[in-house]
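As structure tokens, the structure follows; a few thoughts come after it.
Protein chains get the first letters and strands the later ones, always in sequence-line order, with residue 1 at the start of each. Values in this document were obtained by computation on a predicted structure and should not be read as measured data.
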Amino acid sequence: VALAYFFALASLCANGSPREVAFRLHNRLAGVPPPGPTLDRLADQIGSGDFKGAAKEVMATEQFLAITIKNWVTKWSNSDFKPDRPLNDMVATIIGVVRDDRDFRDIFYKPLVYAGNKPGLTPPSPRDNNHYEQFENQGLSYLTDLAVAEQQGQITAGIFTTRAFALANYDAGTNRRPIKAIMQNFMCKDMEQVLDVSRPDTHVRRDVERQPGGDATLYLNRCKGCHSGMDPMSRAFSFLDFTNNQLVFSPGAVPAKMNRSPQTFPEGAAVVDDGWEVIWHQGQNAPLGFPTTQLKGSGPQEFGRMLAEVKAVPECLAKQVFEIVCQREPKSTADLTALEQVREGFVTDGFVVKDLFAATAAYCLAEQQ
Amino acid sequence: MIRKLTLATILLCACTEKNPAMRNPPNSGNIVEANGAEEREPRTVDESNGSAANERRTFSLGWRSIDQINQTFAALTGVPVNSLRAAFVELRTQLSTTTVLEEVTPAKVGAMSKLAANYCDTAMRNDALRANILGPGAPSGHVAEPDALAEKLTNAFWGVEVQDEGFVANGRAVIVELTTELAKGKADAAAVNVLVGVCAAVLASSPVAIF
């Protein structure tokens, strides 16, 4: 990582004025142009070789959290994958984790949630999003008015037990949606891309037709490819539902929706508990890097701990940050090499998201000279 | 208002068309091919010899999305975001949700121009905010000096010190022309309306929207 910064800085000094770089840096990381004094300070820092310090200063701004991080992660918190949605508990929690330089993987299993700490705010409620909408509508600060707290409830598993995630993923359906969201948001894979018909279909549930339209080949060549891996993982969320406008945890009682339409294929797998299993550690999805020592577990928290060890997660996060900072997909050999270095630094240095942004900016801004 | 917005959009388009530098300003560097066509997709290897060592540098621009544009307008004009929350809420569904330049449509540009008009309306009618951008003086005084007005507005909004000099000069010429046109036959009392229109045109232009 240090070497990457060195080369990036060498390139900056050789090709662009520190002032130009500072201007771009602020625009890309904070989403807004820098005020004059800030520009002066950033230019000085960059001119004296402290690019990372300059990046860190930009990332200490309200806008970095309120614009760049919020727009990025809000997409993860709704089923439409849209960035322009009101603030919610899941997004606030991720913003807080980023702000506080916590290990990003905490969001997958730690019992934490961030909420506003300003007197007068409606307290957070499991039944509505009013607290977070008020926080946003009152223009409160993500730097000073957002505080960490313990998640309440019988079950806690990072973002997977936030109200926003529950609304987006446990409402109705069959609780397969969380897996689709996790694959898309944290492994950068649509379900189509992980379709693997070579894996056994032992765990495919009873509601999946084995001969859709009377054609078994459709199941064998398409449906099975996703369901064989998705269904055993989705069992992690078996005891979770979203009803009456709130997350409902029913330990030991699998909601009826998990075993919907049993007559469709009675010989299929029944969901009896929240024991989950990963079978995509082999086959064409092996490169995703599921941890082979954690392929089975119970409930969302253990699932989150497993997810924290999946190699594709830091790769995916690095790719998303690259697209935000560089405004394009990484495609060239140079991009891919840089991306790998940045990912490696992110993992080695403890999954601190600001480091990911800083290292990516060093590469892209150096390149743009 | 309609006329103002039209002018803002025209200026935006005019600047983009007239100035090759706009397509490839120093803070961006989008590839401009010999035929003038831009490409967003990186070209990874020099086709002439296929050597990775000769990879072409690839540069990309972004278009500020909803919150970015709103906060940028607020930062540049000094108008607090919350004071124009109603206007923003009304327009937000029409603003760009992505930063992908290729996905920008005329409707999104139009919405951005309307938002800029709101910010400029507030800023130019407030003595302190106007003075922060243009320096002291009555609106009529600023309108009477179109060259100085163009310089002050671009200095305030465009980050001119990091823009291409030729592009800035051309842009200022367009702004002078716009100011002169708008001010024709107007009484001094209407000068503030001219300022609002010119301010909105500069604020909603590509050096602000593209980053």
Okay, Leu76(B) and chain A: the region with an atom under 4.5 Å from a heavy atom over there is side chain

- Within a strict 4.5 Å, meaning less than it, do heavy atoms of the Arg64(B) and Asn27(A) side chains meet? yes

Exercise. Take atom NZ in Lys108(B); do more than 12 heavy atoms of anything else shown fall under 6.0 Å from it?
Worked result: yes

Bottom line for Leu39(A): the part with an atom under 4.5 Å from chain B's heavy atoms is side chain

Closest non-hydrogen contact found for Phe23(A) with Trp158(B) is CZ-O, 4.4 Å

Rounding to 0.5 Å, atoms CZ (Arg85(B)) and CD (Gln138(A)) come to a distance of 10.5 Å

Only one of Thr72(B), Ile66(B), Asp67(B) passes side chain to side chain contact (heavy atoms under 4.5 Å, CB included) with Ile67(A), and that residue is Asp67(B)

Can you find a pair of side-chain heavy atoms, one from Thr97(B) and one from Lys82(A), that are under 4.5 Å apart? no

Interface check, chain B: of Ala30(A), Gly31(A), Pro35(A), Ala22(A), most non-hydrogen pairs under 4.5 Å belong to Gly31(A)

Around atom CD of Gln193(A), are there more than 12 heavy atoms from other residues, nucleotides or ligands closer than 6.0 Å?
yes

Okay, Ser65(B) and chain A: the region with an atom under 4.5 Å from a heavy atom over there is side chain

Checklist line | Lys118(A), NZ atom: more than 12 neighbouring heavy atoms under 6.0 Å | finding: no

* Evaluate whether atom CD of Glu133(A) has more than 12 neighbouring non-hydrogen atoms of other residues, nucleotides or ligands under 6.0 angstrom away. => yes

Nearest heavy-atom approach of Gln327(A) to Thr99(B) is OE1-OG1, 2.8 Å

On a heavy-atom basis, the closest approach of Ser60(B) and Arg328(A) is OG-CD, 2.8 Å

Q. More than 12 heavy atoms of other residues, nucleotides or ligands under 6.0 Å from CD of Gln94(B): is that the case?
A. yes

So, the part of Asp84(A) with a heavy atom under 4.5 Å from chain B: the answer is both

Practice item. Kindly indicate whether a cation-pi arrangement holds for Arg24(A) with Phe211(B), taking the cut-offs as under 6.0 Å to the six-membered ring centre and within 45° of the axis. Key: no

